[in-house]
Each structure stands twice: as structure tokens, then as C-alpha cells.
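Treat the numbers as computed from the prediction; the structure is a model and nothing was measured.
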Amino acid sequence: MSHIKESVMSAAEIKSVRVRFAPSPTGFLHIGGARTAIFNWLFAQKHNGKFLLRIEDTDAERSGQDMVEAIIEGLRWLNLDWDEEIVSQSRRLEVYKKHAHALVQSGKAYKCFCSKEELAAKRDEAAKKKQDYRYRNDRKCLSLTTGEVEELEVRNQPYVIRLKLPEQPVQFTDMIHGNITVHHKQLDDFIIMRPDGYPTYHLAVVVDDYDMQISHVIRGDDHLSNTPKHILLYKAFGWQPPQFAHVPLILGMDKHRLSKRHGATAIGEYETSGYLAETVLNFLTLLGWSSGDDREIFSRAELVKEFDISGVAKKSAVFDEKKLEWMNGQYIMALTDQELLEKATPYLKKQDWITEEILADQKFVLKITAMLKQRLKRLTEFPEMIAYFFSAPERYEEKAVKKFWKDESVIDILQKISSQLAAIKDFENTSIEAVLRSITDELELGFGKVMNPLRLALTGGSVSPSMFEVMELLGKQNVLERIETACVYIRKNLVEN
RNA sequence: GGCGCAUUCGUCUAGUGGUCUAGGACGCUGGCCUCUCACGCCGGUAACACGGGUUCGACUCCCGUAUGCGCUACCA
């Protein structure tokens, strides 16, 4: 289907691009929804169009205002600004009603008084015979006379409105999947309005997309099978259908649709676990879309420039958090120290041991930030990696103690270091290094033999940035004290074991 | 069950009939760098679901099969 990829929008089409993101507020903004929103947003940006937001809350029972807020918050975090006012389907009930009845008037739809139970029974019966039940095959209520319908209505008999389907196959072209044909026998006279006057999804979506003058419907693959119904509705109304693009779904590592058991699915959880919005935007866009070359890191502007529907994949993609982590690390490294500190501050403030006083010393914190930059994958790691800068270690990592503090000789080494460091006037990076180099030379020891025990003494662990820089920031006083404490500990430890 | 959609390394993907002994990235892994970790660099690992066609030639086109997903609701 090579012609699909070559499809280029005409100038007229480009001018009038209007897309929408239409979540139903039955949950938080999840990864899949966020990506659909991103694709829509990018498409609108790319074509200088409008990106609209619509809340599909016709299922009153499952929808909630708090979920609406959560979705909006998620979009804001990703920096996906929408144009115009948010449309809420729950406020347009009369509009749908009007359109549904207009269809009844024009004979394109009809009222059906059959009860749910009645239909369920028929379905069961057909199933027993291994057949599919189709309302269109009996169309009981279609043969009702006007008088009969009126009588039922007077008696307040509840009814739904069904679309009367024509006897023709439905055909349309999807921008991602190409030509799709569905035989009309597969479709039924589906319900467009419920007894309570609420529209079904199909009606609401078509009416809204028409009213909002949506030019391109970009939505999840799960709607591909629904599209023929929508096309039929457009036809019944006599409206021109928009273009459709069905984007693949996102799956969990087990290849099943992403759900709670896969861990984090709500976009907000990625913020709390320390991912940058720009990372998530980049990553989600790349999940199911490719520019065609080997690039992986795209700025927002680059994404807008490069994004094209023709690069969207057909197959669903598995969400791999390992790669997300890697990408987040890349974004963190690309930040300036100042930017990184700003982004990390909310995470630092969550720790009660990080006081305002600590944060007030910008110069000091900024130096620490610089040292951590290429070691961070997620912002949440920031506080846990810097504790030793603000308080002496309370305990020492067990494995490291066994490895680096296994006999008396380390005490000698540490004390030697201590006494020579004490003599340094200008306690900074290079002078500290010079001292330590001379000590190792003198003792004829490998550098690691000295640095690792020292690191354990100063940080309590076996991992840290460059010791010289750490020492400089710690200051002479702290360094000497910590070495002393460590020596006491080592001696005691050796006696006990 | 019927119909629709999909199927390239474990994962994200490149690939539009010969350039493919299938490229990149994450992961994993060997090494270098090195005071540890990380970063960086060099290398390795690993894939065209299967079977038939069409063609001089198929990852690429067609048809089946398998598998997965979706629709088949008074959910969206």
C-alpha cells in the first residue's frame, strides 16, 4: 500500500486542520490516552491547525469531575495546550436528542421499544444455534405504525433509537491502515439513543466531530471497528466524514493491553517517579512512530517539525520502562545545572531532612547538582544520592566494610591521610588530589586501595562522585571528623569479629 | 463463532522487489577509560511467525494457517 505513505495533504486541507482529543473521564489520563493526545497535538502543530479537547462523559455513572481535572492536569504537565473551550458531552444532551429525532423524522432511524431482556433472550437463543443475532433481521419495531408508536409513547413505554442501516458495504480510507471495507451484514441497526435520552458513544462522537468541524479523527486502534458505524451516521445525516487515522495501542510487557497490573499507567505516576515531561513526550511519540532515520532524541520543536502520520506504525507497541529511564537520563544530562536543580527541587522538598536552609545555599547545592547530573536516571534519586553531604554517615554499608576495612592497616592509612589533609591550607579539589597521590606513591599502594576505604569513611557507602570534589564540598573539618569516626568504628568492628 | 486489524532481534524500530551475509536504539554482555558509580568510547548477543504461490529474484506483492488484539453492548 505504498500510496498511503505518499499521501500528501493538499493546501486546502492543511489550512483547515482541526483535531481533538476526546477522553472519557472514567480514569486518570493514562499512557495510551496521553499518546493519542500527543499525536493529535503534534498533527495540529505541524499543520498549523487547532487541537481541541472534548470530555466524553455520557456515561454518567462512570464519569467523574475529579477525573476530568486529573486528565487536564496530565495534559498540562505534558504541555499540550488546547485551543478553544473544552466541550463536555454531558452539556450537549439536547443537541444529540435533536439530531437523533431528526434522523427518525427523515426515516434514517427508528424508535425501538424492545426491552433489554427480550433482546438478550433472542441473542441467547441464536447463540444456541451458533448464530449471530441481528436486530436488523427482524426489525420488529420498524414495522410499527405511527399510531402504534404514539400509543406506546403515551403509555410511557421506554424506547431506544436505532439507526436503520442501508444494504451496502461501508468503505473508507484510514490514513494509517489504508482502505477498509466492511460488509453491511456484519453491522446491525445499532442504538444511537438510550431510553434515558443519553446518546450512545457513536452518536455523540459523530455529532460532536461534525459540530466542532473536526477534519481528522486521530484515535486509538480500538475504534477502527467502530468507524463503519460512524461513517454510516455521517451518511445518514448527509455530512461529509472527516479523515480517520487509527493509531496502534500500547501494551504492557506481557503484550496485553496496559492496565494497573503493569505498574504505572497513569501519566501522573511518571511525574511522581521522577520523569521529565519532555522525556515522556519524546518517548511516547517514539512508541509507534518513527521519523524514518535513526534519531531517538527529539526536542518538542523537532517533533512538531518531523511528525507525520505516515510514520505511524500499524502494530501495537510494548511499553518498556527501561528505555524510558535511559531517555530520562539523556534529558537530565542535557539540562544545565540550574535547570536540573529547579526541576529537582520539588522532589527535594518532599524529604523532611532537606530544609529551607539547605536549599538556600544555592551555590553549594548547585555544585552537588553538577556532580549528580550524569548519574541520575530519575529525579527521585536526587535526594537519596546526596544525604552524606549534609550529615555524617550513621552506618556503613556492610558489604563495603567487609571488602575495604578488613584489617588494621586501613586505620594507619586513614590516619595518615587525615594528618596530611589537616596540613592543607587551601582545601580544594586539586590540592587534595596531590596529597592523596603522594600518599599512595609513598605507601606503594594502588590508588583504589586508598580511595575506597576513604569513600566508605566519608559517605558510608561504596558509590559516589569523585572523592576530591566530594571532600572539597564537605570541607576539611567534616572530612577529618568523619575519618576519625571511621577509625574508631573499624577498630571496634575488628575486635568484635 | 463471525468480521476487522496486526505480525522484523527480549523491547522500540529502519526497511516501499535486487543496495539485507537485515541497519539503529534500549536491555543484556566483553573491553577501554577510571578512586567507586555513572557518563563516554570500542566490540558482542539476538529478528524477517509458518506454509504455499507470483517473480529471474521476496522481509518487501498475493493466498492460506497460526498467534495476538479489537468490534460483535442501552461502555467509551
Counting any heavy atom closer than 4.0 Å, what does [X] reach on the DNA or RNA strands: base, sugar-phosphate only, or nothing?
X	answer
A:R437	sugar-phosphate
A:S466	base
A:P23	nothing
A:M333	sugar-phosphate
A:C112	nothing
A:E117	nothing
A:Y198	nothing
A:S24	sugar-phosphate
A:S290	sugar-phosphate
A:S115	base
A:K449	nothing
A:K229	sugar-phosphate
A:D222	sugar-phosphate
A:G220	nothing

Which of parallel (below 30°), tilted (30 to 60°) and perpendicular (above 60°) describes A:F319 and A:F283? perpendicular
N/O (side chain, [X]) to phosphate O (OP1/OP2, [N]) under 4.0 Å:
X	N	result
A:H223	B:G70	no
A:K129	B:G1	no
A:R194	B:C75	yes
A:Q171	B:G4	no
A:T200	B:A76	no
A:K315	B:U8	yes
A:K185	B:U72	no
A:R123	B:A73	yes

Quick check on the 6.0 Å ring-centre criterion: do [X] and [Y] meet it?
X	Y	value
A:Y201	A:H230	yes
A:Y135	A:F190	no
A:Y159	A:F113	yes
A:W289	A:F307	yes
A:Y396	A:Y489	yes

Work out how far the P atom of B:G27 is from that of B:C71, and round it to whole angstrom. 35 Å
What integer number of Å spans the C1' atoms of B:C56 and B:U13? 32 Å
Measure from [atom1] on [X] to [atom2] on [N] and round the result to the nearest Å.
X	N	atom1	atom2	value
A:L249	B:C5	CG	C1'	11 Å
A:Q186	B:C3	CD	P	6 Å
A:D294	B:G15	CG	C1'	11 Å

Side chain of [X]: nearest nucleotide among [options]?
X	options	answer
A:K116	B:G70, B:C74, B:A76	B:C74
A:K322	B:C74, B:G27, B:A38	B:G27
A:K323	B:U72, B:C12, B:C74	B:C12
A:H202	B:C35, B:C26, B:A76	B:A76
A:D320	B:C5, B:A76, B:U11	B:U11

Side-chain donor-acceptor contact under 3.5 Å, A:E397 with A:S462: yes
Do you see a donor-acceptor pair shorter than 3.5 Å between the side chains of A:Y270 and A:N328? no
Ranking A:M193 and A:L224 by the position along RNA chain B of their nearest nucleotide, the one closer to 5' is A:L224
Comparing nearest nucleotides in RNA chain B, the 5'-proximal residue of the pair A:P465, A:D132 is A:D132
base_contact_polar (B:A76 base, A:N226 side chain, donor-acceptor, <3.5 Å): yes
No-H, no-angle donor-acceptor pair, A:K314 side chain to B:A6 base, under 3.5 Å: no
